[in-house]
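From a predicted model like this one, the values you see are computed outputs, not experimental measurements. Counting starts at 1 for both ligands and their atoms, in listed order. Side chains are part of it too, since the values below use all heavy atoms of this structure and drop only hydrogens, waters and symmetry mates.
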Amino acid sequence: MDHNKLALPVGTTLDRFIMRKQEDFPYATGELSQLLRDIALATKIVNREINRSGLIDIAGAYGNRNVQGEEQQKLDVIANIRFIRALRNGGEVCTIISEEDEEMIQTGNVQGKYVVAIDPLDGSSNIDVNVSIGTIFSIYRRVSPTGNEGNEQDCLQTGTHQVAAGYVIYGSSTMMVYTTGNGVNGFTYEPSLGEFFLSHPQITTPKTGAIYSLNEGNSNEFSEAMTAYVDHCKQQGYSARYIGSLVADFHRNLLKGGIYIYPATKKAPNGKLRLMYECNALAFIVEQAGGKSSDGRTRTMELEPKGMHERCPLFIGSTELVEKAEEFMAREYEAATAAALK
Ligand SMILES: O=P(O)(O)OC[C@H]1O[C@](O)(COP(=O)(O)O)[C@@H](O)[C@@H]1O
Ligand SMILES: [Mg+2]
Ligand SMILES: [Mg+2]
């Protein structure tokens, strides 16, 4: 696909961009375009709630724990409700996987051709302290015939089956960044006009960089190989940058070059992040931008999901940095394999 053919000027509205991209697919029916618009609509509402969260009583804990055992923040719940409502009313989505719901959410749109996996509010620990937070989404085409509710087969597809994926960052400005498999584009929200405008066309990530992002507070729990890789980053003189909101750390590294890692630790042998609504979406984006994503060994988008809330280690960012980290992890796997054979 010749990306230049699709290049649209900075300042194009998201709506126009979606429409224009659809025209390049003669058989497109407009349903995916409408679904992207539904997500953009919910994003505008959630953005408004976030911007005024300090003024109205939506700060703090909601008083429930989600399926991960994490304390739900009020904004986690509000964002979850807003996205589910927009996807249900939009009519294109039959089933939703959400971080905040243990079970699949059936929307009642049995004719809907799409399944959405969503992290409605990412970076929950940063909600009440005015630090950038986000939303992450993956879109799949259902595999079961329309006319019924979506099922587990529709929901547990590998990341390579994503038809679109994206994230929203609610930061100094609010941006939506997404891909449909033809490059990555970023749109900045203009609240006074209520519109997203193309601000970052055809995003590509540098092949290498000098930023590493991980929670070194967990370093006592790191494997030898992981500790060795962190030392390597320090020897290289890389800068440590960690916001603690995956979307914000990922976005910075995507634009500047860098690597984000949430590794397996002794406490969390599968890491912390969730394959279906955090890792797969960002992996699709980073690959479309020329970067790389794996669990330290296997390409993230080829990981076979076994459960909706499954966790996996994440090594994501500039190709050369991820490959270097994988080199370090390979030594560990080889040692483990050799030990197992003894
Ligand atoms: O506090 P830790 O262990 O470093 O974890 C931070 C990571 O956890 C997350 O907050 C998990 O996402 P949620 O906030 O959506 O649960 C990521 O955004 C972030 O990168
Ligand atoms: Mg998250
Ligand atoms: Mg979340």
What count do you get for protein N, O or S atoms closer to the Mg ion (ligand 2) than 2.8 Å?
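That number is 3, waters not included.
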
We want to know whether Asp38 and Gln34 form a side-chain donor-acceptor pair, criterion being a heavy-atom distance below 3.5 angstrom.
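Yes, because at least one side-chain N or O of Asp38 sits under 3.5 Å from a partner of the opposite role on Gln34.
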
Using distance alone, with no hydrogens and no angle criterion, decide if Ser223 and Glu332 have a side-chain donor and acceptor under 3.5 Å apart.
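Yes, because at least one side-chain N or O of Ser223 sits under 3.5 Å from a partner of the opposite role on Glu332.
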
How many angstroms lie between CE in Met176 and OG1 in Thr135, if you round to the nearest 0.5 Å?
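One gets 10.0 Å once the value is rounded to the nearest 0.5 Å.
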
Approximate separation, where rounding is to 0.5 Å, of Ser132 OG and Arg252 CZ
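Rounded to the nearest 0.5 Å, the OG-CZ separation comes to 10.0 Å.
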
Cluster overlap Leu282 with Ile243, hydrophobic side-chain contacts below 4.5 Å:
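No.
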
Could you list, one pair per line, each nitrogen or oxygen of ligand 1 together with any protein nitrogen or oxygen closer than 3.5 Å, giving atom names and the distance rounded to 0.1 Å?
from	atom 1	to	atom 2	distance (Å)
ligand 1	3 (O)	Tyr262	OH	2.6
ligand 1	4 (O)	Asn215	ND2	2.8
ligand 1	4 (O)	Tyr242	OH	2.6
ligand 1	5 (O)	Lys272	NZ	2.9
ligand 1	8 (O)	Lys272	NZ	3.0
ligand 1	12 (O)	Asp122	OD1	3.0
ligand 1	12 (O)	Arg274	NH2	3.4
ligand 1	12 (O)	Glu278	OE2	3.0
ligand 1	14 (O)	Gly123	N	2.9
ligand 1	14 (O)	Ser124	N	2.8
ligand 1	14 (O)	Ser124	OG	3.1
ligand 1	15 (O)	Glu99	OE1	3.1
ligand 1	15 (O)	Asp119	OD1	3.2
ligand 1	15 (O)	Asp119	OD2	2.9
ligand 1	15 (O)	Leu121	O	3.2
ligand 1	15 (O)	Asp122	OD1	3.4
ligand 1	16 (O)	Glu99	OE2	2.9
ligand 1	16 (O)	Arg274	NH2	3.0
ligand 1	18 (O)	Asp122	OD1	2.8
ligand 1	18 (O)	Asp122	OD2	3.1
ligand 1	18 (O)	Gly123	N	3.4
ligand 1	18 (O)	Leu246	N	2.8
ligand 1	20 (O)	Leu246	N	3.1
ligand 1	20 (O)	Tyr260	OH	2.9

Taking the ring of [Y] and the ring of [X], is the distance between their centroids below 6.0 Å?
{"X": "Tyr277", "Y": "His309", "value": "yes"}
{"X": "Tyr167", "Y": "Phe250", "value": "yes"}
{"X": "Tyr140", "Y": "Tyr114", "value": "no"}

Without swapping roles, check the side chain of Thr265 against the backbone of Ala268 for a donor-acceptor pair under 3.5 Å.
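Answer holds: yes.
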
